[in-house]
Each structure stands twice: as structure tokens, then as C-alpha cells.
Amino acid sequence: MATPEAERREQSIAEHVRGLSEESAGLVREQAQLIREDLIGELKQLGVGGAMLGGAGLVALGAFGALTAGLVSAFGGRTRGAAAVTVLYGAAAGGLAVAGRKQLRKTATRAADTLGRDVQAAAEGVRQAN
């Protein structure tokens, strides 16, 4: 038969284990929330890059729009004016496309790095808790 002192020690150990378990679960929840917030931030940055590419598409579409006719006329006629306007719009669309692609690559790389670090930190936290 266990003595009252031994029973108290067993209860105390059980309470400590239960407390550590609750604390570990809280830390894991907290880490998951931080990971979620990081991902949301990175996704917003990806949206900015996507919007830039969309802008590039609109500028390229504008090459065939109403302004084209006026510029062709302003640049001296049909063939020469059309070539000048095509180069002008193509350069603008190319610049936007390069900037948008650069933004997407930078953000995607940063998001992958952040996610990898967060997952690794969470895994280490779980390992240490066990």
C-alpha cells in the first residue's frame, strides 16, 4: 500500500505532466497562428506581383486600342506610325512584365524560406515538448 506521501508525489507528477502537455499544446497553437499570419502576408505580396502582370496585359491590350490609331497618325502615317506605336507599347508591356515576374519570384522565394523555417521551428518545439 502506498503511503500518503507517495500518493501526493504521484499526483504532483501527474499535475506537472498535464501542465507541460497543456503548455506544449498552447505553444503549438501559437506557432501555427504565426505561420498562418506569415503565409497571409506572403500571399498578399504574391497578389501585388500578379496585379503587375495583369497591368502588363492591359498595357499590351492597349496597343490595339483607340490610342493606337491616334499615335499611328501622329507618327506620320500607316506603316511607319504603326511600327513606332508597336515598339512603344511593347516596351511598356515588357517593362511591366519583367517587374511583375521579379516581384513574384522574390516573394515566392521568401515565402518558401519562411514556411520552411516556421515548420522546422514548430517541429523542434514539438520534439522538445516530448
Item to check | By side-chain contact (heavy atoms from CB on, under 4.5 Å) - contacts of Arg105 (at least two apart) | outcome: Arg101
Item to check | Shortest non-hydrogen contact from Ala121 toward Gln31 | outcome: CB-NE2, 4.1 Å
Next on the checklist: Gln45: which residues meet the side chain to side chain donor-acceptor pair (under 3.5 Å) condition with it, sequence neighbours left out?
Outcome noted: Gln103
Item to check | Remaining members of hydrophobic cluster (4.5 Å side-chain criterion), Val119 | outcome: Ile35, Leu39, Leu115
Checklist entry - Which atoms form the tightest heavy-atom contact between Leu96 and Ala56, and what is the distance? => result CB-CB, 3.5 Å
Next on the checklist: Leu43: which residues meet the side-chain contact (heavy atoms from CB on, under 4.5 Å) condition with it, sequence neighbours left out?
Outcome noted: Leu46
Item to check | Partners passing side-chain contact (heavy atoms from CB on, under 4.5 Å) against Arg29 (at least two apart in sequence or in another chain) | outcome: Ala25
Checklist entry - Quick one: are Val48 and Thr107 in side-chain contact, heavy atoms under 4.5 Å? => result no
Checklist entry - With Lys102, which residues qualify under side-chain contact (heavy atoms from CB on, under 4.5 Å), at least two apart? => result none
Checklist entry - Is there any salt bridge (charged side-chain N to carboxylate O under 4.0 Å, His left out) pair reaching into residues 31-43, and which pairs are they, with sequence neighbours excluded? => result Glu42-Arg110
